[in-house]
Each structure stands twice: as C-alpha cells, then as structure tokens.
Amino acid sequence: MSIALNQVSKTFGEVTAVHRVSLEVNEGELVALLGPSGGGKTTVLRLIAGLEMPTEGDIYIRGQRVNDIPVQRRNIGFVFQNYALFKTMTVFKNIAFGLKVKKWRARKIEARVGELLELLGLKGLGARYPHQLSGGQRQRVAIARALAPQPTVLLLDEPFGAVDAKIRQELREWLVHLQHDLNLTTIFVTHDQEEAMEIADRIAIFSRGHLEQVGSPRTVYEEPVNEFVARFIGVLNVLDLEIRNGRARLNELEFPGHGQPEGQHIRIGFRPYAVQISADPCAYPCRARLKHAFFLGIMLRVELELTSGLVIRARMTKEDYARQGLDEDREVSFQIRQYRVLAGEDGLLQPEISIAENPPTMLGEGI
Amino acid sequence: MASHPHPPPSSHGAARISGTGEPVFVRGVLIALSVAFLAVFLILPLANVFVQALGKGWSAYAHSLSHPDSRAAIRLTLLVAAITLPVNVTFGLAAAWAIAKFEFRGKAVLLTLIDLPFSVSPVVAGLMYVLVFGLQGVLGPWLDTHDIQIIFALPGIVLTTVFVTLPFVARELVPVMQATGAEQEQAALTLGASGWTTFWRVTLPSVKWGLLYGIILCNARAIGEFGAVSVVSGHIAGQTDTMPLAVEKLYQEFNATAAFAVASLLALIALATLAIKACLEWNMRRKDRRERDAAANARRGPGPGPVALTAA
C-alpha cells in the first residue's frame, strides 16, 4: 500500500471540506480524484501532501503515519494547478531546486536535471525563464521539478486545466506513458469525468466532502453506487414518474410499477446508449421528434423531443444515423432498452433492469 | 516663435475636435496651464534653492557645508536613515507577508493601522512620543531614574522617523505579494525547502523590485522628515539637529547661504530619489512588457511538443 487515508476529515472554520474519507492507493497506481468544484478533492490532495493538516483521521504513506511529518519531509512531488514555477529562476534552476535544498553535489544535480529535461522533452530549454515557455512546456517543467528529488508519490492538482484542448489530449497520453514507465504512484485531481475515465486506473468520486465511490472507470460507469455517481459519470436521463393503475407513467411514457403503491413517485434513469431509435415511426412504441444531432466524431449525440416537451438524450453511431436517413426535425420512434430505478440522492441504486427481450410491454401505446 | 506647444489653429479654428471630443484649444490651454503651474510652483523655487546656495560662490557654499554643525546634521540624518531603513524593511516584509499570505482576524485592522502614519499629522506623531517618553510622560520618571534619554536624543528621533516612514515598505509589498500568491512558496516547501530557504530563494527575489521601490520612498521620507522630528529633537546644534532642522535654524538666523547650501543637499537627494524611482518604474514596466510579449510568443509558436517516452 502506497497511500492510505483512514477516516480523514478536514474542516475550515464552520465548513467541512472533507468528511471521513477512507481511501487506499496501491503502489504504482494512477488514481483520479474526481468531483465537482467544492467537492473536497483538492483538499484531499493537499492533505496527502501535508499542505493541509487533517482535523481528524490518519494519513499513511508507505505504512508510515505522516500526520505529524511536515510537508518538507513527506517526499512527495506536487504539481500545482497553475504550475507555481519560480518566476525568477530558469528552467534548469527550477528543476534543480529540490536537489539543491537536499544538498546534492553540483555534478549530480546537472546530470539529474539533464536527464529530466530529456525525459520531458524540454531539451535546450534549460536557460529559459518560465515566462518564455508555452503552457504545455510550463506544465512539463512543473512535473520535472516535482520528479527531480525522486518522490514516493506524484500529486497533481488539475494538471490539464490550464492548457488548451489539443495539448490537453497529448499531455494526457503522455502522462499515462510517463507514469507507466516510472511505475510511480500518482494521484491527480480533475473535474473532467472524461479525463478521469480515460487515464485513471481507478477513480475516486467526491461530492460535498464525501467520498461517494472508488473503482475502475468501468465499475463506476456500469455499477454506480448512487444517483450522484450515475449522473456525474457519463450522461444519465432521469425521469420522474407517478404510479397510476399499477404502472409508472410520465405523460406518454410508461414503465412497470415495481410494486409501488398508487400515487407514489418513482424515478428511473437510463444511459443515452440504452435508447434505440428508428426512422420508422411504427418500429417502436414511443414517438418523438429528432430535435438536434451533435457530431462527436464516430458517435452522434441525439436529442429527442417528445410531444410533451420532454427531452431525452440518446447516442447512436454515425453509420446508423446515415443508414436510416435520419435528420433533424424528423419524426422517429424509440424504445429504452435498459434502465434503473433510482432511490433518493444518497440511496443506493437498484441493479439495472433490462427490458430488451420484451419491448412492447415496456412502454405505453405511444402517443 | 518657431515651435508652438499646441497644434497651430487651423482654418476651422475652435471647431476642430480632438480624438477625445474636446476642441483642440481646450487641450492646448490645459497643457499650458499645467506646465505654467509646475514651473511657478515647483521648478522655479527648486532652481532658486541652488541659485541662493551658490549665490556667494563655491567657496562660501563649501564652507557652509563643512561647518561642524552642518556636518553633524548630515551625519545624524544619515545615521537616522540607516537605522530606520532596516527596521521598516523588516516590519514591512513581516506585515506584508502576514497580510498577503495568511487569513486571520483583524487583517483589515492591521492594514488600516499601517496607514495611520499617513493620516496623523507629523507634529502629533512627535508629540505622542514626548507624552510617552518625555520627563512628564508615562515612562519618563522610570527612564530618568535609569538614566536613559530618549526624547531630545537620537532614540527619540529614530522612533518618530520609524513611525512616520512605517507605511512605505509594507504598502509597496502588500500588492506585489498578493499578486504572487502563496503557491510558489508552497511549491518550495513540497520540494523540501525550509521556511528560511523559501524566504531567501523564492519570496525575496520575486518581490525585489517592489521592495527596492519601498526602500527608496522610505529613505526619502526618513531624510526629509521635519515636523515629527522637530518636536522630539530639542534642536541642540551639532547634536540633535537633522538636516531639515538645520536648514530651518540657519534660515531663522539669517544665514541664508548656509541654509540654502544644506537645503540644496536635501534637494539633490530628492532629485536622485526621483531619478532612481523613475528608473525602477521603467525597469518594472519593461519587464512586464517583456513577459507579456514572451508569453504571447510562446502561445503563438508551436515549440517542441510532448514526446513519447518510448523515444526518450
């Protein structure tokens, strides 16, 4: 175990930023702390670094309790959101800083910095000042500086937040390679679920100071423990239905009643990929107007507008869209293949219900 | 007149409109007024100081300055400045650090207190110290029995000068430190640096221009302060007279040449301060511009992109 948090809480005055978080990170793992802003993820990162002290709970790095060990002696590498490069120092001196304070010999420092410049694709930039670098270069200098003293763990706060989209993609891939090659335990903070899904081995999802779920990208996407996670990871359509005549209904939509009493409201959620669309208005029991189609490369995000004005988000491949001759403003029919019954905001989710084998009973008579 | 300070009136006369919408003659009148005002109230009197000082020739000027009382005044003034500066630099750094980097109760109060010397009349400032340390003051009897003299001596002059010049360094540093933020220091800490190393290697270099600017202003005021020092000095010629006090005394004694000679020194110091200040400001602006340009270039140019690690 590289890093362990045991029931860690942090309060700032009246505000609880982190509430009883327990998290374990394995040696060599790449873990994303994901959540909306104000969720407490950056505070967790700073707690591990020692830039904040926990109000309660214990933090362990490689089995050693580090609560009372100051940031200088935790042997962590920290990359700040805005890089926090030393403006008055050259790239070389920035990277050498951590080695100098550890009293490395000049020749060893030179060798180590040279090695890092090479490793991070910064060769020839050693004499530049931070203001003479592009955003991507600055970020790599910040990473090189953090890596120089050979830390036991690399912590990155929103590492790709400040660079533009194209460079961000390159940097993501590059970080995965770097982390893999160095086999260095790495924890990064992000609010971008796609980013977390793409590069993390495991994702820890935070909301309002609570750790909601930890798991592989696949687990949190396919088996979210609660509605927050389900909505935060990927897109989730949520419908609020009322039980009438034993079935859950919302305008023209109809689902099984799940044994709920008359008049009771239940909510169901389904992913865009669970919506099946046909250009033939009679192929599926429910009708809608294809309001918008957004091109996302190979996939299309499609908005369906029901006669009641309700909008459902769906996904389909470009080929499917073209083959069916679909277009915006066309009348289509659709069905929902899989859905979940949602409990309260914090309650656990029911397992996914698949109704693919029996499509006609799932929805009502259509419009 | 070959050259005219404002554009020559055109055939349209006053109807011509400048870029900001005012008729051109308004611009001309405003510029002429400002220049005339500065000439009459600033440049003429300042020039007159030098004319008066040198009125009776260089030898009389040199003689006035080499008089033991004048030399003592110059020495005392420099000594007071030499003690005041380190004290206020230390205080200014500490206060600016606290205000810029920490959140604490009473931060607004501290900021207001730092400005207090600006709003208090220097005479009142001097009087405050007399009321504390003078013979009739709170601590007077105790100081007297222990044979410590503060008022009418160097310590009193230094204390009041420190008070009067207290805001300069802190006021310059607070915005600079606030703009820099605490992240660079935190980065240094995560790299294993102690607080002391962080201060010397990271904090100080990043605020050096602001600090220098504050020191220049603080120094100018420390040398030129009259009111507060006048109250606590006791005016003992050759002992507790600073340069401004000496100027006043010499003038009261109708020794105009000597008065203007010492005054000319003060004026020279002021001009030098102004020059250094302009230089610093120019340097800071140039640095800002360079950083902006460089940042723009870096954004434009592609630069070497991230490389695949397998190739490294």
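Worth saying up front: this structure is predicted, and the values here are computed from it rather than measured. Order of the sequence lines fixes the chain letters, A, B, ..., with proteins taken first and strands second; residue numbering starts at 1 for each chain.
Of the listed residues (A:L122, A:N82, A:V71, A:V79), the greatest number of heavy-atom pairs within a distance under 4.5 Å of chain B belongs to A:V71.
Of the atoms belonging to A:R145, heavy atoms from both backbone and side chain fall under 4.5 Å from chain B. In this structure, no portion of A:R128 lies under 4.5 Å from any heavy atom of chain B. Contact annotation for A:I76: both backbone and side-chain heavy atoms come within less than 4.5 Å of a heavy atom of chain B. Looking at A:L155, neither its backbone nor its side chain comes within 4.5 Å of chain B, counting heavy atoms on both sides. Both the backbone and the side chain of B:T190 come within contact range of chain A, each with at least one heavy atom under 4.5 Å from a heavy atom of that chain.
How far OG1 of B:T197 is from NZ of A:K100: 12.0 Å, rounded to the nearest 0.5 Å.
Of all residues in residues 158-178 of chain B, none places a non-hydrogen atom less than 4.5 angstrom from a non-hydrogen atom of chain A.
With sequence neighbours excluded, the residues that form a side chain to side chain contact (heavy atoms under 4.5 Å, CB included) with A:L116 are A:I95, A:R112, A:L119, A:L120, A:A144, A:L147, A:A148.
Atom NZ of A:K93 has 12 or fewer neighbouring heavy atoms from other residues, nucleotides or ligands inside a 6.0 Å radius. More than 12 heavy atoms of other shown residues, nucleotides or ligands fall within 6.0 angstrom of atom CD in A:Q81.
At least one donor-acceptor pair closer than 3.5 Å links the side chain of A:Q72 to the backbone N or O of B:A193.
Using a 4.5 Å heavy-atom cutoff, the side chains of B:R201 and A:F97 are in contact.
Across all non-hydrogen atoms, the minimal contact from A:F86 to B:Q184 is CE2-O, 3.2 Å. For the pair B:L191 and A:P149, the tightest heavy-atom approach, listed with the atom from each and the gap, is CD2-CG, 4.1 Å. Pairing each heavy atom of B:A187 with each of A:A84, the nearest pair is CB-O, 3.9 Å.
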